[in-house]
Trainee: 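Sending over a structure as structure tokens; questions will come in a sec.
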Amino acid sequence: MSDLLEAAAPGVPTVSQPARRRRRLRLRLWIPAAFLVALILVGFIAPLPYDPRTPDSSGVPLSAPSADHLMGTDKFGLDVYSRLLASAATDIPLAVGGMLISLVVGTVLGLTATLRGRRGERLVRALDVFQAFPLLLIAIAVVALMGNHLRNVIIAIVVLNIPRFIRLIRSEGLTIRESRYIEAAQAIGVSTTRLLFRHMLPNMTGTILAQASLAVANAIVVIASLSFLGIGINAADPSWGAMLQTGSQSITTGEWWAWVFPGAAIFVTILSLNVIGDELQESFGRAVIR
Amino acid sequence: MQLRAYAGKRLVFIPIGLATVIVLAFMLVNLLPGDPAGVIAGPAATPQDLAATRQRLGLDQPLLTRFGDYIGNLLHGDLGSSFYTSRPITDEIFRFLPATLELVGLALIVAAIVGVALGTVASYWKGRVADRAARLLVTIFQSIPDFFLALLLIYLLFFKLGQAPAPVGQLGLLDTPPDHVTGAVLLDALLAGDLATFRSAVAHAILPVLALGIYYSAYFARSTFATLVPALESKQVEYARACGLSEWRVLGYAFRQARTPILTYAGILLAALIGGAAIVETIFSWGGFGQWAIDSILKLDLPAIQGFIVFAGLGALLVFTALDIIVAVLDPRVRYE
Amino acid sequence: MTRPVAGTAPHAPPRGAAPKPLLEVRGLRTEFGTPLGVAQVVNDVSFTVRRGEILGIVGESGCGKSVTIRSILGLVRQPGKVAAGEAVFEGRDLLGMKPSELRDVRGKDIGFIAQNPFSSLNPVLRISKQLHNVLRSHDRERAANSYEIGRAALASVGIAGPERVLDGYAHQLSGGTAQRVIIAMSMLLDPALVIADEPTTGLDLTVQRQILDLVRGLVREHERSMMLVTHDLGVVAHYCDRVVVMYAGKIVEQGAVQEVLRAPKHPYTRALLDAIPRQGRPLVHLKGRLPDLVNYPSGCPFAPRCSHAFEPCTTGWPDATSSPDGHTYWCHLGAEDKEVGNVSA
């Protein structure tokens, strides 16, 4: 009886997921989250000490970190610190935007796959085979062939990340579909869309958020790889990958600041996103092999 | 069902998958905007040069004709020829593949050893300090992009400590390559008994193998952890302990439960890394498949791009089928489903 | 005559030649860490298993009987922990042993019959190899002969054509045969004590009888002792000598099977007996749920569901009330019985 009542009440999660509400999200979640928020704010709002695109007169190429240039200058005389922050303002929104699109598309596809049974099975199976593909190469090919626009970078990110959402939604969906309260909802004749959106989706938000975080991390790697190779983002536009590329040319002469700082920025950003994703996954989900 | 019937079912899927990949590859390369003729002819080309280039490359033919030609050639095992070098693509692929296989093979061994060890430590001592330390390490490994790790290793081990050789390729600039048997320098040097070259090849391989190996160890660690933890908590392991079996044997039992996913992962990674090691190959001038693929992309060498996509697709399908069959051999229950 | 001191475990008076206890469990406490707090799953449990006897441990799901035997065998894993108590087996405290010593005891001196053979047997190893592994862990010399020994063992549990089973895998066997294999493995090294954890759950009724008859036969024949954990009072009635009734991690009643089942003293035992479906009578069932093991109630945990509950039931755990033949129960109603133990105020 109570199952039916709860099924009629929209959005109330009744599936007994392991200790979902009971666990408080821990410090390990909030510290990286705070860092990311700080990074984004600083990247967008904080005034940059120097112009990230044009070197100014004080910019001696490849000068070591100093009071003037906190992170030194690169081989064009551009201030590394300013360029680093400007890259954050380029790379991160790109990654998040790509993730959002792939999330929406992947969720829709995943939900339809859940309801289609056999055919859904085959779709997921086909997606699995793609795991063995050199996806990054194909992304590079796509962007290179379609032209050096940011739009194409987003397309590449989207295509690469849709499968993870499809797989997630489908696996969560299948489990939830078997649970009692969905059965009850169907028994009282709740329509399919309502079923999907009011009953099933709310229960997946935790794991969706977890995958979203991981997807952004993946997107950052893709963006960095593309700009490292000089594809997708204009050479003049600041991007961590591009900074890595120009900086790496001085690796054998010892000027480490030009490439270590952007590399560290990528690392710390991805680390934060991975930690957040893991924490969310532990709190909300079953163990999933990424 | 018998192993043979199971294998048969899986093998049937390959031609279908392959056909899909071929069509998709063709569409990708030929339907996208961007004019390779312009890039190949060069910025100083006159309109006549452009037209001549287009004709030479067969780009002036209608789409369907090009498709038909392509399929026709494929059936003969001909993937076309490079727009730049005019060499057959199949030749190019097999020229660069061995170097990548060598690199990726070694890297996967490192990744598997490190990753499975970390994953086992974390699973066995779950909840304790060792677990948290191992998992922290794994997360760190997974968060450093492999090309940044490569740069760090070059800086630390080559520039600062002088222990590793310069990243100039599979061998040093002054080394003579061994006679070509397999195309993989390490193996060829060994086969030729040329120990000096062999040692140089090993030295040059250390940094790229480490860069890839450490990064991908995270995948093995996570996969091991995800399967070993439930295995160690299973009724089977409890029963084995109740019978008084030693902890080593118990761990072995747990691994038998867990080994299938680990092996599957290894197979998939092997296939994916053939192209996935591209950027690291570029940094080290390794001369491998991935580096060639990236070069082809940047040069808009369309047949090469098409060729490597089809090749990668075939590789992925073969790997998946092989894995399915191996899993069926290892775990008798799968065959009976 | 026994006049027990308040709160201690009773010893049954000697019958015939005084049988020394094989296993003495005293004050066993096992806790599980949960997100909501620490749950007292086994809460001060004490009992004895004497030589040559079959002791039944009965109670509903979640009463702690399975965790009790796992605590004794050292099989409790994180987040569970044995917090206190002793389990003295043949003079040695199992709970204080080093892991390597305990491993020696397991399988050799104490055999284990698992509940579900298909969850317990290794699915990818041949049966012969699994038997070999058990032998090898304890007796290298005999292990060389493991195939022969295995064949004899499987024959002794009533498996016809043991070679076919030895050469095959667990999933090829029927439920009954698989359970026989488990039984064979448990007695392979001639243990003095066999612990069976609900050995017939999931089997067909006819097969259940066969399995239980088989186990009892093997136990009696070799004068072994057995702890039989079950939720089925019928099994207890037919196969056990003495019985221990558990509820919410505590023992509420224990004694000789005929005594306890004929004249149950504790309201919970009575309720269990009443709940057995009988022809012509309406179905009786217990209302209410198990208590919260994290915030363990003071007093008797059965009080909320007990129709006889009165004032002292919610304030303190009752003392033991014993009769001379070893039938003991823990209930405040005992104070009002003619056979008086120590009365708590």
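Below, chains carry the letters A, B, ... as their sequence lines are ordered, and counting in each starts from 1.
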Trainee: Under 3.5 Å, side chain of R77(C) to main-chain N/O of E233(B), donor-acceptor pair present?
Mentor: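 Not at all, since once roles are kept as given, no pair shorter than 3.5 Å links the two residues.
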Trainee: Of the non-hydrogen atoms in N133(C) and L245(B), which two are nearest, and what is the gap between them?
Mentor: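 Minimum heavy-atom separation between N133(C) and L245(B): O-CD2, 3.3 Å.
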Trainee: Counting heavy-atom pairs under 4.5 Å to chain B, which of K108(C), R136(C), Q115(C), Q78(C) comes out on top?
Mentor: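 The candidate making the most pairs under 4.5 Å is R136(C).
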Trainee: What residue, out of S120(C), S100(C), P191(C), has the most heavy-atom pairs lying under 4.5 Å from chain B?
Mentor: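 Ranked by heavy-atom pairs under 4.5 Å with chain B, first place is S120(C).
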Trainee: Tell me, side chain or backbone of I182(C) under 4.5 Å from chain B's heavy atoms, or both, or neither?
Mentor: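 The answer is both parts of I182(C).
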Trainee: Would you mind checking which part of R241(B) comes under 4.5 Å of any heavy atom in chain C, side chain (CB onward), backbone (N, CA, C, O), both or neither?
Mentor: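 Both parts, heavy atoms under 4.5 Å.
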Trainee: At their closest point, which heavy atom of S137(C) faces which heavy atom of S246(B), and how far apart are they?
Mentor: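 Answer, listing the atom of S137(C) first, then S246(B): OG-N, 4.3 Å.
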Trainee: Rounded to the nearest 0.5 Å, what's the gap from CD on Q236(B) to CG on L125(C)? Could you check?
Mentor: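 That separation rounds to 8.5 Å.
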Trainee: Picking from R70(C), R106(C), M185(C), which has the most non-hydrogen pairs under 4.5 angstrom with chain B?
Mentor: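 Among R70(C), R106(C), M185(C), the one with the most close pairs to chain B is R106(C).
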Trainee: For the atom pair OH (Y239(B)) and OG (S186(C)), what is the distance rounded to the nearest 0.5 Å?
Mentor: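 If we round to the nearest 0.5 Å, Y239(B):OH and S186(C):OG are 6.5 Å apart.
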Trainee: Pair K235(B), N116(C) - check side chain to side chain contact (heavy atoms under 4.5 Å, CB included), show working.
Mentor: CA-CA 9 Å; K235(B) 288 269 171 225; N116(C) 184 338; over 6 Å; no
Trainee: In terms of side-chain heavy atoms, does N122(C) have a donor or acceptor partner in R256(B) at a distance below 3.5 Å?
Mentor: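 No.
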